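Here the structure is laid out as C-alpha cells; the discussion comes afterwards.
Remember, it's 1-based here, ligands and their atoms both numbered in the order they're listed. These numbers come from a predicted model, not from an experiment.
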Amino acid sequence: MPRTIFAGTGYYVPDRVVTNRDLTQLMDTSDEWIVERTGIQERRWVDPGMTSAEMARRASLMALEEAGLEASAVDAIVLATLTPDVFFPGTGVFLQRALGLEGVPALDIRAQCSGFVYGLSVADAWIRCGQFRTILLVGVEIQSTGLDVSTQGRDLAVLFGDGAGAAVLTAGEDAGRGVLSTHIHADGRFAESLWAEASSSKKNPRISADDIAAGRHYPRMEGKEVFKHAVTRMPEAIHEALAANDLTTSDIDLLVPHQANLRISQMVQKRLGLEDRQVVNNIERYGNTTAATIPIALAEAIREGRLKRGDLLALVAFGSGFTWGSALVRW
Ligand code: UT7
C-alpha cells in the first residue's frame, strides 16, 4: 500500500504587518495585554482585493516548486478554510481554475482550525487506497475582513491573522517514510462556543440589517472554555496517535501545534514533556491563521532545517466545532 509523502510545502502571507500597537489605534487594548495573554506581537492582514484563492495559489506554487512538480501533476485538491471567498462554490474550485487544472476534483473542508489535519486525513486515505497519487492540500484564511475591530470584539480581533499554507502530497513506496496515522474528532455540543452566526441559510434574507447591527456576522468566542478544551484535547490526540503506532512522547522529534495562543502551545508542550527546540511556534509573527497555521509553520520549520529524514513529526490541532485531531509523519 502506498504511503503519503510530503513532497513539498509552501506558504504565503500578506505584506501588510499589523502590530499590536496598530491595534491600539482601533480598540482599547495594549501591546502588554496581547503579548502576555497570547504571545502575539504582530499579524498579517490582507490589503483590499486579495482573495483566499489567490493566497492559496501563491502558497501552492511554492509547494509545487519545492516538490519539483508542475501544477499539471496534481490529481486532486483538498482545501481547508472557514473564510471562503464566496458562500458557494468552495474556494477549492477557484484555486483549481487559477492553476489551470480543469477536471481535477477540488474538495473544500469545513473543520476550522483543524482543517489542515482533517484534510490530511482525507488526502492520506485517498493516496493509500490508490485513488489519487498527487494531492495539493491547502489551508488558507482571510480573517481580517470579518473581525469586529472595535473594543467590543477585541478578544478575537487581536488573535487572528491572514495567510495560506500548502503541501504537495505524493504516493511513496518506501514503507519507512510518510504519514503513519491521522486521528480526527469533533464535538458539536460546543458548536456555539466559537462561531459566526450570520449569514445563515436558516433565515431569509440570510443576513439582515438587524444581524449587522447586533454584530452577528462577527465571530464570537467563549475564550476560557475554548482554551480549557484545547489544552486537554491536543495532548490527548497526540497520545492517541502515539499509542496507535507503538510510540511514546520521547520518540517525537518535532511538534507543529495549531497556533491559537502561545500559552496553549506551551501547556501542550509541558504536558508532553517536550523541549522548546522540539516545538514550532510562529504565532508571535502571524497570530492565529486558522486552517493555514499548521502548513505555514511546517513550511517555515522545513526552511529553517528543523526536520531531517527519519524524524518523527507530530501535527496537532484544535478549534471551532469543536474539532481536533493529530497526525504522525515519519519524515
Ligand atoms: O484557534 C482555536 C480557537 N481559539 C483559541 O484557542 C483561543 C482560546 N482562548 C484564549 O486564547 C484566551 O481565552 C483569550 C486570549 C481569548 C483571552 O484570554 P483570557 O486570559 O482568557 O482573558 P479573559 O477573556 O478572561 O479576559 C480577561 C480580561 C477581561 O476584562 P475583565 O472582565 O477582567 O475586566 C477582558 O475584557 O481581559 C479583557 N480583554 C482584553 N483586554 C485588552 C479581552 N480581550 C482583550 C484585549 N485587550 N484584546
Side-chain angles (χ1 to χ4, degrees), residues 18-43 80-83 109-118 139-144 146-163 165 184-187 190-196 215 218-237 256-269 271 281-284 286-297 315-326:
V18 178
T19 64
N20 293 345
R21 208 164 295 277
D22 293 335
L23 294 181
T24 64
Q25 309 297 309
L26 303 170
M27 63 191 83
D28 180 13
T29 190
S30 66
D31 181 48
E32 296 70 33
W33 193 96
I34 302 171
V35 170
E36 188 186 310
R37 302 287 180 124
T38 73
I40 300 166
Q41 293 170 12
E42 58 188 43
R43 72 287 291 143
T81 188
L82 73 84
T83 54
I109 300 259
R110 293 291 309 268
Q112 298 68 249
C113 299
S114 311
F116 190 82
V117 173
Y118 265 62
V140 58
E141 224 69 70
I142 295 184
Q143 290 284 3
S144 61
L147 296 172
D148 177 359
V149 294
S150 72
T151 297
Q152 210 182 349
R154 64 184 179 176
D155 58 332
L156 276 161
V158 303
L159 296 180
F160 288 115
D162 305 336
I184 53 176
H185 299 281
D187 190 344
F190 300 95
E192 290 87 3
S193 298
L194 174 49
W195 74 327
Y218 292 131
R220 290 285 155 84
M221 175 172 74
E222 290 163 37
K224 283 203 185 313
E225 173 144 278
V226 177
F227 194 105
K228 194 179 72 191
H229 282 84
V231 297
T232 309
R233 293 305 194 185
M234 293 213 279
E236 198 177 276
V256 179
H258 170 58
Q259 310 282 303
N261 182 324
L262 186 62
R263 289 190 296 138
I264 292 178
S265 297
Q266 286 169 339
M267 283 178 82
V268 172
Q269 172 182 340
R271 288 185 183 186
N281 292 305
N282 64 7
I283 192 167
E284 64 280 7
Y286 301 138
N288 178 353
T289 58
T290 328
T293 62
I294 288 182
I296 293 174
L315 309 178
V316 69
F318 178 88
S320 157
F322 291 147
T323 57
W324 65 98
S326 64

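Considering CG of Asp22 and CD of Glu42, their distance stands at 9.5 Å, rounded to 0.5 Å. From Glu236, atom CD reaches atom CZ of Arg271 across 10.5 Å, with rounding to the nearest 0.5 Å. In this structure, the separation between SG on Cys113 and CG on Leu82 is 7.0 Å, given to the nearest 0.5 Å.
Looking only at side-chain heavy atoms (C-beta outward), His258 and Phe116 stay at 4.5 Å or farther from each other. Within the 4.5 Å cutoff, no side-chain heavy atoms of Arg43 are placed close to those of Thr289. Between Val316 and Val117 the shortest side-chain heavy-atom distance does not fall below 4.5 Å.
Counting protein heavy atoms under 4.0 angstrom from atom 27 (C) of ligand 1 gives one or more. For atom 33 (O) of ligand 1, the nearest protein heavy atom lies 4.0 Å away or farther. Distance check for atom 19 (P) of ligand 1: a protein heavy atom is found below 4.0 Å. Protein heavy atoms are found inside the 4.0 Å sphere centred on atom 22 (O) of ligand 1. Contact annotation for atom 4 (N) of ligand 1: protein present (non-hydrogen atoms, distance under 4.0 Å).
Looking only at protein heavy atoms, the nearest one to atom 25 (O) of ligand 1 is Lys224 NZ, 2.7 Å. For atom 8 (C) of ligand 1, the closest non-hydrogen atom of the protein is Gly223 O, 3.6 Å. Protein heavy atom in closest approach to atom 30 (O) of ligand 1: Arg154 NH2, 4.4 Å. When hydrogens are left out, the protein atom nearest atom 1 (O) of ligand 1 is Asn288 ND2, 2.7 Å; that is the closest non-hydrogen contact. Regarding atom 12 (C) of ligand 1, its nearest protein heavy-atom neighbour is Asn261 ND2, 4.1 Å. For atom 39 (N) of ligand 1, the nearest protein heavy atom (residue, atom name, distance) is Trp33 CZ2, 3.4 Å.
Every atom of ligand 1 with a heavy atom of Ala260 under 4.0 Å away is listed here by number and element: 1 (O), 2 (C), 5 (C), 6 (O). In the vicinity of Arg37, heavy-atom distances shorter than 4.0 Å reach the ligand 1 atoms 19 (P), 20 (O), 22 (O), 27 (C). Near Phe318, meaning under 4.0 Å from one of its heavy atoms, ligand 1 places the atoms 2 (C). Using a 4.0 Å cut-off to heavy atoms of Arg263, the atoms of ligand 1 that qualify are 18 (O), 20 (O). Within ligand 1, the atoms closer than 4.0 Å to a non-hydrogen atom of Thr38 are 15 (C), numbered from 1 in the order shown. Numbered from 1 in the order shown, with element, the atoms of ligand 1 that lie under 4.0 Å from a heavy atom of Asp155 read 44 (N). For ligand 1, the atoms lying closer than 4.0 Å to a non-hydrogen atom of Val158 are 48 (N).
At least one N/O-N/O distance between Thr29 and ligand 1 falls below 3.5 Å. The distance criterion of under 3.5 Å between nitrogen or oxygen atoms is not met by Cys113 with respect to ligand 1. In terms of polar-atom proximity, defined here as any N/O pair under 3.5 Å, Ser30 makes no such contact with ligand 1.
Within the structure, the closest approach of Met221 to ligand 1 falls below 4.0 Å when heavy atoms are considered. Judged by the shortest distance from any of its heavy atoms, His258 lies inside the 4.0 Å radius around the atoms of ligand 1. At least one heavy atom of Leu194 sits closer than 4.0 Å to an atom of ligand 1.
Side-chain atoms of Gln259 come within 3.5 Å of backbone N or O of Asn282 as a donor-acceptor pair. A donor-acceptor contact shorter than 3.5 Å links the side chain of Asn261 to the backbone of Arg37.
Nearest heavy atom pair, residue Pro219 against residue Gly146, reads CD-O, 3.1 Å. Of all non-hydrogen atoms in Leu156 and Leu147, the two that sit nearest each other are O-CD2, 4.4 Å. Considering all non-hydrogen atoms of both residues, Glu192 and Glu222 come closest at O-OE2, 4.1 Å. Across every non-hydrogen atom of Ile296 and Tyr286, the tightest pair is CG2-CE1, 3.8 Å. Minimum interatomic distance between Ala237 and Gly325 (heavy atoms only, all atoms of both residues): CB-C, 4.1 Å.
Of the heavy atoms in Ile264, only side-chain atoms (C-beta onward) come closer than 4.0 Å to ligand 1.
Thr83 and Glu141 are linked by a side-chain donor-acceptor pair at a separation below 3.5 angstrom, with hydrogens and angles left out of the test.
The aromatic rings of Phe322 and Phe190 sit parallel, their planes meeting at an angle under 30°, below the 60° perpendicular limit.
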